[in-house]
Amino acid sequence: MGRVLVPTMGALHHGHRALIQEGSKWGKVTVSIFVNPTQFAPHEDFDTYPRDNEKDEMLARLWGATGVWFPSSEEIYPHGPKVTECAGVLGGILEGEHRPGFFDGVLTVVSRLFDLFQPDIALFGEKDWQQLQVVKRFAKERGRPQILSVPTVRDADGLAASTRNLYLTGGERERAHLFPQAFQVVRALWEKGERDRLTLEGAGLEVMGGISKQLDYWEMWTDDLSKKPTLFEGKAVLLGALRVGGVRMIDNTPLE
Ligand code: PAF
């Protein structure tokens, strides 16, 4: 049994519950709650990001965490909020193209959390597939901690659980449901044996119809995000980012 860390920015939802429950199988879980300024661009929602420490602590403990850690800004950034890590090429594709510097900010805080807490194991959700790959590579280079992941948790309408879903109006949510449906259609084709990237990507675009114009990206890559072949031989992942109203949603489906 080891020291297990579930890093979060709070606003806990059932995706976080899955991480805490999986982590509890490996040791005593501590949930860290820190809204990290260096992963928000100036026009993003850092100031308005939902913060309710009391509720988050209650939920984390209810779901099995034995520790809830609220690091202060001074603890994480003793010299002020500066980016000190670089996510490289992996951090520059997909999300990184649309949110420059985002993964450098994520890696900077993750690195500080790891240094301060010294976990044996840390858990991250597969919903943020690219973040998971970036963190896995970082931890591998440093030799620890072990990184575990849990599959994406979905709401009843198929949307991936996410803090920013809170910002969707009823009508926006209604329109957004085509996004997870498109992933499902591609998955079904993959399971029937289709391996041609353009055919698979195209089938999903057709399902989305008009809302596909609001995509930032919709791309199939090898599961480690190292290549984008025209014909897949091994594991793959389809990743998408969609803007609905003022909300930007990301989702993916791993294909084996
Ligand atoms: O996925 C998140 O909630 C954040 O990016 C993380 C990993 C806690 C770093 O701030």
Side-chain angles (χ1 to χ4, degrees), residues 4-20 22-23 29-41 44-53 55-57 59-60 63 65 67-73 75-77 81-87 90-91 94-96 98-117 119 121-140 142 144-153 160-167 225 239 241 247-252:
V4 181
L5 181 66
V6 174
T8 81
M9 297 205 302
L12 301 188
H13 51 66
H14 47 296
H16 297 114
R17 178 174 55 196
L19 291 166
I20 296 169
E22 178 59 28
V29 173
T30 292
V31 173
S32 65
I33 298 183
F34 179 71
V35 184
N36 173 34
T38 65
Q39 70 190 74
F40 287 79
E44 290 181 345
D45 53 348
F46 174 71
D47 289 334
T48 54
Y49 198 82
R51 292 162 169 89
D52 187 340
N53 290 353
K55 181 174 168 203
D56 282 339
E57 174 154 10
L59 286 174
W63 295 336
V68 183
W69 174 34
F70 296 96
S72 67
S73 283
E75 240 177 308
I76 300 288
Y77 294 115
K82 281 192 202 72
V83 168
T84 51
E85 299 291 336
C86 174
L90 185 53
L94 297 158
E95 274 300 283
H98 295 271
R99 303 179 72 187
F102 170 72
F103 289 111
D104 299 340
V106 168
L107 265 193
T108 299
V109 75
V110 164
S111 157
R112 282 298 289 156
L113 292 168
F114 287 178
D115 282 349
L116 292 167
F117 187 79
I121 290 173
L123 289 100
F124 294 82
E126 288 178 12
K127 183 198 156 252
D128 298 302
W129 189 269
Q130 191 175 359
Q131 170 172 281
L132 177 62
Q133 307 314 310
V134 166
V135 171
K136 269 188 181 168
R137 188 194 55 189
F138 176 73
K140 196 171 165 199
R142 290 165 50 128
R144 71 193 301 264
Q146 184 183 350
I147 305 297
L148 299 179
S149 64
V150 298
T152 303
V153 175
S162 164
T163 304
R164 291 188 175 101
N165 289 353
L166 289 172
Y167 304 151
L225 303 182
L239 307 102
V247 184
R248 190 165 173 284
M249 289 181 290
I250 63 166
D251 202 347
N252 69 77

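Everything quoted here is computed from the prediction, not taken from an experiment. Quick note: numbers below take in every heavy atom, side chains included, and nothing from hydrogens, waters or symmetry partners. In listed order, ligands and their atoms are each counted from 1.
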Item to check | Atoms of ligand 1, numbered as shown, that sit under 4.0 Å from any heavy atom of Phe124 | outcome: 7 (C)

Checklist entry - Which atoms of ligand 1 are found less than 4.0 Å from any heavy atom of Val109? => result 9 (C), 10 (O)

Item to check | Region of Phe34 that comes within reach of ligand 1 [heavy atoms, distance under 4.0 Å] | outcome: neither

Next on the checklist: Within the 4.5 Å heavy-atom criterion, are Tyr167 and Pro50 side-chain neighbours or not?
Outcome noted: yes

Next on the checklist: Hydrogens and angles aside, do Tyr77 and Asn36 bring a side-chain donor and acceptor to less than 3.5 Å of each other?
Outcome noted: yes

Checklist outcome for this item: Closest non-hydrogen contact found for Phe124 with Pro7 is CZ-CG, 3.6 Å

Next on the checklist: Checking the N or O distance criterion of under 3.5 Å, is ligand 1 in contact with Gln39?
Outcome noted: yes

Checklist entry - Counting heavy atoms only, which part of Val135 comes closer than 4.0 Å to ligand 1: side chain, backbone, both or neither? => result neither

Item to check | Residues Arg164, Tyr49; criterion side chain to side chain contact (heavy atoms under 4.5 Å, CB included); working and verdict | outcome: CA-CA 9 Å; Arg164 291 188 175 101; Tyr49 198 82; 3.9 Å; yes

Next on the checklist: For a quick test of reading the model, state the closest non-hydrogen atom pair linking Val35 to Met9 and the distance between them.
Outcome noted: CG2-O, 3.5 Å

Item to check | Residue and atom name of the nearest protein heavy atom (relative to atom 5 (O) of ligand 1), distance in Å to one decimal | outcome: Gln131 OE1, 2.8 Å

